[in-house]
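Here is the structure we will look at, set down as structure tokens.
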Amino acid sequence: MKYTPGKIEKKWQKFWSLKKVYHSKNFSKKPKKYILVEFPYPSGAGLHTGHLRSYVAADVTSRFLRAQGNEVMFPLGWDAFGLPAENYAIKMGVQPEVSTKQNIKNFKKQINSLGLSFDWSREVNTTDPNYYKWTQWIFLQFFKKGLAYEAESLINWCPKDKTGLANEEVVDGKCERCGTVVEKKEMRQWYLRITKYAQKLIDGLQSLDWPEAVKLQQENWIGRSEGAEIEFPVVNPRVKKFIILHGRASTPDNNFYPWLKKELEKRGFKVEVPQMPGIPEPDDEEQANYVQSNYDLDEGTVIVGHSMGGVVALRLLERGIKVHGVVLVATPATGKFLDGKPRHSVTKAVQKGFDYGKIKKQSDYFRVISDSTDSVVPHEDGKILADNLGAYCKIVAANSPHFNGEKEPLLLDELLPNIKVFTTRPETIFGATYVVLAPESPYVQSRMKKSDNKNEIEQYVEDTKKKNEIIRLATDKEKTGVELKGLKVINPATKEEIPVWIADYVLPQYGTGAIMAVPSHDLRDEQFAKKYQLPIRMVVNEKGKLQNSGEFSGLDFEVAKKKITEKFGNSKVTYKLRDWVFSRQRYWGEPIPLIHCPDCGTVPVPEKELPVKLPKVKKYEPTGTGESPLAAIDSWVNVKCPKCGSSAKRETNTMPQWAGSSWYFLRYADPKNKKQFANLKSLKYWLPIDIYFGGMEHTTLHLLYSRFWNQFLFDQGLVPMSEPYKRRQPHGIILGEDGEKMSKSRGNVANPDAIIKQYGADTLRMFELFLGPHEQTISWNEKGVVGVYRFLQRSWYLVSDNVSSKNKDSEKVLFEIARVIKRVEEAVREMKFNTAVSSFMEFINAVSGESISKETLKKFAITLAPFAPHIAEEFWKMLSGKGSVTTQPWPTFDPKKLESQISSYVIQVNGKFRGNLAIARGSSEEDVKEEASKIETVRNAIGALKVKKIVFVPERLINFVV
RNA sequence: GCCGGUGUGGCGGAACUGGCAUACGCGCACGACUCAAAAUCGUGUGAGGUUACCCUCAUGUGGGUUCAACUCCCACCACCGGCACCA
């Protein structure tokens with residue numbers, strides 16, 4: 001009988017499917033194992049050898065664990081949303097829905113042709129509305145907890161894919177998918193606040209059984225660094241005095257006034273807080289009179305007017321008083337109040353109006369600060385004032401509504417402009433000889449116009465915008481920058497006035513977007529300082545002791561770091577991780593379930609209306625304008641606000657491909673649930689995942705994102721564990737035969753179908769494992785396939801030649817079968833599948849020609865089944881075993897059979913191999929020594945020399961030292 | 001630059017806890033079967049010296065520890081992967 005894989009494999013695949021042998025039960029009494037492989041996106045190209053790496057390994061593991069008596073869940077599904085699927089549909093000129101369905105069908109066929117033991121009863125598909133309903137639902141939980149937010153900012157934009165990208169999707173300044181150089185684009189985008197979980201994501205790694213390399217890579221990506229934030233006050237010699245005008249019913253002793261006075265005085269300014277007349281219902285003119293006649297206001301004065309005090313400040317200027325600056329804090333402009341209570345004096349004062357034309361000329365600058373949480377004065381009033389005064393209006397969240405807190409630190413920032421820097425080396429502050437701002441820094445924007453070299457700065461900022469990420473981030477590039485002339489800051493340690501520069505080597509999104517430059521102890525600062533001839537001062541010597549550092553000189557740098565941080569700043573931890581850009585301007589993704597209402601703002605779609613289904617459209621190509629194709633579908637976009645019922649519009653951006661894959665492993669536990677994404681009881685039974693097989697390339701993408709989602713869901717009490725993946729098993733990349741990455745354009749993509757056709761799935765499976773260690777990168781080389789095929793063929797003859805015999809096992813066979821079971825068991829546990837295959841081959845080589853029993857052949861079939869399940873089933877049938885080989889318990893072996901009665905000793909002289917000795921097990925050192933000494937080669941090696949010492953390792957080795 | 005990893009025959013690779021380096025497979029050579037070929041089976045296959053037996057040298061390089069090192073320690077080299085003007 002010949003081995004014909006083509007015939008037997010189809011048959012058994014059908015059998016497994018019909019008998020549902022791989023379906024796993026919830027709440028079985030057996031111990032559970034959850035084995036997971038990364039679910040594929042069903043591309044048009046079909047399954048490739050890269051997929052096989054983890055699928056086959058995970059399949060072997062699953063089958064092995066089943067045989068060992070576990071309830072094993074080994075599911076698969078489809079990650080079918082996203083750019084590749086959409087691009088493929090565009091290319092084929094069909095709807096993504098259609099091509100996706102087709103591709104899934106094809107994939108499934110290929111997967112089944114490999115005999116993989118997936119539990120198809122748990123299949124999920126991210127594009128199925130019953131699935132993405134829950135993706136949307138989870139998104140809304142993020143939204144409700146303030147972890148999904150909308151912001152306008154510079155993001156990475158891929159001009160080819162015509163969509164925004166997350167930071168993780170940009171590799172070397174290029175789009176991770178298509179390799180196009182990304183651009184920076186100012187866009188409104190949805191973000192997930194993954195940065196809030198930065199620390200948790202680092203901490204969680206500790207307890208996981210993951211390869212160190214993977215943990216490290218995630219840790220580096222999150223990029224925690226400890227340092228300090230230090231403020232460098234801006235020099236403004238013209239300001240001598242502050243006068244704080246309190247609000248309508250206040251006194252100088254309440255609100256933030258005493259605190260602010262103290263803070264300003266600490267910095268050497270004169271501060272006055274007049275006790276205004278006429279409270280609680282004052283007259284603005286009367287108060288202005290009082291201030292005018294009792295206090296000196298001049299061009300060195302800054303007036304801080306809080307609420308009604310702001311109105312008085314404007315009145316003073318209207319009268320012709322000149323001051324240096326005016327800061328209006330929560331100052332009313334319309335006379336309307338949010339709480340509806342009347343404040344007649346204020347309304348009366350405001351409604352008289354102001355002569356803004358005149359007022360504007362009386363102060364060098366105006367600044368308006370409103371509180372977004374104000375419960376009295378609408379913050380829109382601030383905008384009105386700012387417009388009229390031509391000033392910059394800042395809307396912030398005050399410590400206490402209407403700035404009624406005892407401390408309002410944001411005010412201090414406004415009154416005393418300073419540049420806040422982040423540094424990991426605060427101990428070098430005495431060497432900070434200049435400060436550098438990122439060109440994108442908002443401070444540069446507001447300061448630029450006043451600068452002495454305005455044009456030069458504007459030009460530099462413009463130039464920076466035009467540079468793409470690659471050029472900007474090239475480290476070998478010569479540093480460039482311009483000085484912000486007319487601006488100086490004070491080094492808080494040395495009290496020196498130092499210059500402020502703008503340079504693109506400082507990045508806007510890290511730290512505070514500003515640095516203190518210490519050219520003596522930072523290479524980049526040094527390059528910059530040398531080019532622009534800025535001073536360089538050594539402050540730490542080679543032995544790590546401070547010098548030229550005032551009272552800190554002589555201290556060890558570690559000690560100084562602590563002390564200096566305490567004295568001049570605050571310790572601060574920053575992360576490189578950035579918030580996750582979560583919207584895409586493409587069609588084929590989950591619609592973001594939000595509605596924009598002109599009155600109510602952004603309103604979530606009510607839960608019972610989920611899923612927000614992706615509408616069917618004719619044109620789904622990207623628009624390129626930064627808007628999703630969905631925006632063009634009026635009938636879908638226009639809806640009623642769920643809160644107030646007025647006309648509103650749907651959010652038209654879709655989610656990135658990473659959304660559906662961020663929680664799919666939870667759905668497998670309870671895939672058909674209509675009321676929840678999965679019930680807690682099922683999750684408790686199955687999770688966490690025992691082994692997660694997948695690629696290294698997902699370490700800082702899917703693996704990080706899904707841990708974040710899971711941790712969030714855990715915090716909401718929706719999942720039972722904070723970490724989903726107990727053990728991670730990455731695999732090496734399979735390169736093409738030419739040693740290059742497999743790609744269609746190179747034409748080096750290996751097609752598994754051809755091998756299956758020629759040699760069968762069992763050969764392909766075992767060959768794939770035999771190629772090399774699972775974690776290692778390997779080149780696909782089909783030459784070796786034949787070796788595995790020969791092995792299966794020899795196994796076939798071994799079994800078929802012995803089925804009808806009544807042989808007994810020879811001693812050798814008993815030893816070999818025990819050995820192979822043991823070795824395979826160990827190999828699977830340690831994921832050394834290549835050596836498992838070797839063990840099988842050695843077994844076949846060793847027992848050919850031996851007398852072998854049916855019992856032993858059955859054991860062999862069960863052991864082989866995880867690797868080559870089809871042929872193993874056939875063996876099982878031939879050997880008249882009952883049922884399926886896949887449901888047989890793992891064979892046991894007698895460990896005593898492994899201990900031969902004869903020990904083979906290695907004989908060494910001076911550590912060099914000189915011969916072997918076969919001697920009865922348990923022989924004494926004396927006996928071994930005597931027998932060994934008789935061997936000629938050993939005698940020759942010892943010769944006339946004297947044996948000084950004998951090293952004896954029982955049952956293994958004897959070494960004569962001469 | 002920083003952080004990981006890997007270096008073993010012609011090739012893919014194995015070697016437990018320091019104990020016969022090169023298992024297993026490919027390839028190659030020779031032989032058997034055959035009219036012949038393929039397939040299959042058998043034998044051999046690290047390098048050099050020696051026609052035998054045997055000796056010497058070999059696990060990226062140089063050193064060290066040890067009776068004994070692919071394995072442990074130190075220094076260096078090469079390649080692969082990740083991060084990277086991250087203050």
Side-chain angles (χ1 to χ4, degrees), chain A residues 171-172 211-221 223-225 227-228 421-426 428 432 436 438 472-477 479 503-507 509-518 521-525 527-528 574-578 696-697 699-700 732-733 766-767 770-773 775-791 793-794 797 823 826 830 832 834-845 848 904-916 936-937 940 948-953 956-962:
Chain A
V171 178
D172 291 334
E212 274 316 301
V214 177
K215 287 194 196 179
L216 272 167
Q217 214 174 302
Q218 279 208 356
E219 231 177 281
N220 291 342
W221 184 262
R224 180 191 159 100
S225 48
V421 305
F422 174 73
T423 177
T424 52
R425 300 203 56 195
T428 62
V436 191
R472 164 92 184 252
L473 295 182
T475 40
D476 50 355
K477 184 191 74 171
K479 303 225 172 338
D504 66 2
Y505 81 90
V506 174
L507 305 173
Q509 64 293 70
Y510 186 74
T512 59
I515 60 156
M516 63 175 207
V518 185
H521 300 286
D522 183 281
L523 196 65
R524 295 151 303 178
D525 296 341
Q527 288 168 2
F528 193 80
T574 54
Y575 302 90
K576 285 190 222 171
L577 187 71
R578 295 181 219 165
M696 270 312 261
E697 70 275 18
T699 300
T700 54
I733 312 165
M766 288 192 93
F767 171 63
F770 192 52
L771 268 174
E775 305 95 303
Q776 208 168 293
T777 305
I778 43 169
S779 297
W780 184 254
N781 184 351
E782 267 170 43
K783 275 185 188 153
V785 177
V786 66
V788 174
Y789 181 71
R790 280 176 192 150
F791 155 74
Q793 210 170 27
R794 293 179 65 186
Y797 289 122
R823 287 173 77 189
E826 281 168 1
E830 291 163 29
K832 291 164 139 186
N834 54 330
T835 64
V837 177
S838 298
S839 304
F840 282 119
M841 291 171 167
E842 283 178 63
F843 172 77
I844 288 293
N845 291 346
S848 66
S904 174
Y905 273 85
V906 167
I907 305 160
Q908 294 181 341
V909 177
N910 276 354
K912 261 183 193 150
F913 171 74
R914 293 295 166 185
N916 283 323
E936 199 189 333
T937 50
N940 289 344
K948 270 202 298 196
K949 187 179 159 188
I950 290 173
V951 181
F952 181 73
V953 184
R956 291 182 99 146
L957 170 134
I958 185 160
N959 186 10
F960 298 90
V961 184
V962 298

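All values derive from a computational prediction rather than experimental measurement. Each chain gets a letter, A, B and so on, in the order the sequences are listed, and its residues count up from 1.
- Between the C1' atoms of B/A78 and B/C24, the separation comes to 29 Å (whole Å).
- Summarising the geometry, the separation between CZ on A/F913 and C1' on B/C57 is reported as 17 Å, rounded to the nearest angstrom.
- A heavy-atom distance below 4.5 Å is not found between the side chains of A/V518 and A/T423.
- Nearest heavy-atom pair across A/F767 and A/G784 is CE1-C, 3.7 Å.
- For A/V171 and A/S839, each mapped to the nucleotide of RNA chain B holding its nearest heavy atom, the one lying further toward the 5' end belongs to A/S839.
- A/T700 and A/Q217 make their closest contact through CG2-O, 4.0 Å (heavy atoms, listed as atom of the first residue, atom of the second, distance).
- Pairing each heavy atom of A/N845 with each of A/R794, the nearest pair is OD1-NH1, 2.8 Å.
- Summarising the geometry, the separation between CG on A/D522 and C1' on B/A84 is reported as 14 Å, rounded to the nearest angstrom.
- For the pair A/R823 and A/F843, the minimum side-chain heavy-atom distance is 4.5 Å or more.
- With A/Q218 contributing its side chain and A/T699 its backbone, the two residues share a donor-acceptor pair below 3.5 Å.
- The listed nucleotides are B/G4, B/G19, B/C67; the one nearest the side chain of A/Q908 is B/G19.
- Between the P atom of B/G25 and the CZ atom of A/F843 lies a distance of 15 Å, rounded to the nearest Å.
- Proximity of the aromatic rings of A/F952 and A/Y905 is defined here by a centroid distance below 6.0 angstrom, and this criterion is met.
- Between A/Y505 and B/A87, a side-chain N or O to OP1/OP2 separation shorter than 4.0 Å is absent.
- To the nearest whole angstrom, the two C1' atoms, one in B/U59 and one in B/A15, are 11 Å apart.
- Within the nucleic acid shown, A/I778 comes within 4.0 Å of sugar-phosphate atoms alone, with no base atom in reach, counting heavy atoms only.
- If you take CE of A/M516 and C1' of B/C85, they are 17 Å apart, rounded to a whole angstrom.
- Counting any heavy atom pair closer than 4.0 Å across all strands shown, A/L957 reaches a base atom.
- A straight line from NZ of A/K215 to P of B/G5 spans 14 Å, rounded to a whole angstrom.
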Protein proximity profile, nucleotides 38-45 of chain B - base contact B, sugar-phosphate-only contact S, no contact -, cut-off 4.0 Å on heavy atoms:
--SS----

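- B/G82 and B/G46: their P atoms are spaced 38 Å apart (whole Å).
- Between A/F422 and A/Y510, the ring-plane angle classifies as perpendicular under the 30° and 60° cut-offs.
- Syn is the classification of B/G9, since its glycosidic angle stays within 90° of 0.
- Annotation: B/C3 and B/A75 have their P atoms spaced 13 Å apart (nearest Å).
- Remark: the A/K783 side chain and the B/C11 base include no donor-acceptor N/O pair separated by less than 3.5 Å.
- Annotation: of the two residues near RNA chain B, A/T423 and A/E842, the 5′-most nearest-nucleotide partner is A/E842.
- For A/V953, whose side chain is taken as the heavy atoms from C-beta onward, the closest listed nucleotide among B/A87, B/G19, B/G4 is B/G19.
- At a cut-off of 3.5 angstrom, the base of B/C67 holds at least one donor-acceptor pair with the side chain of A/N959.
- In this structure the side chain of A/W780 reaches within 4.5 angstrom of the side chain of A/L771, judged on heavy atoms.
- Rounded to whole Å, atom C1' of B/A87 lies 13 Å from atom CD of A/Q527.
- Rounded to a whole angstrom, the distance from the P atom of B/C54 to that of B/U66 is 32 Å.
- Residue-level contact check: A/S225 touches the backbone only, with heavy atoms under 4.0 Å from sugar-phosphate atoms and none from bases.
- Between the base of B/G81 and the side chain of A/Q217 there is no donor-acceptor pair shorter than 3.5 Å.
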How would RNA chain B look in dot-bracket form, 5' to 3', counting Watson-Crick and G-U wobble pairs with both distances under 3.5 Å and writing | for bases paired to another strand?
(((((((..(((......[....)))((((((.......))))))((((....))))..(((((..]....))))))))))))....

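- When the C1' atom is compared between B/C77 and B/C11, the two are found 24 Å apart, to the nearest whole Å.
- At least one side-chain nitrogen or oxygen of A/N845 sits closer than 4.0 Å to the OP1 or OP2 atom of B/G25.
- For the P atoms, the distance linking B/U50 with B/U56 amounts to 16 Å, nearest Å.
- In this entry the distance linking CD of A/E219 with P of B/A84 reads 16 Å, nearest Å.
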Collect all protein-nucleotide pairs involving nucleotides 14-17 of chain B in which both atoms are nitrogen or oxygen and the distance is under 3.5 Å.
{"from": "B/A14", "atom 1": "OP1", "to": "A/N834", "atom 2": "ND2", "distance (Å)": "3.0"}

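- Taking atom CG on A/N781 and atom C1' on B/G13, their separation rounds to 12 Å, with Å as the unit.
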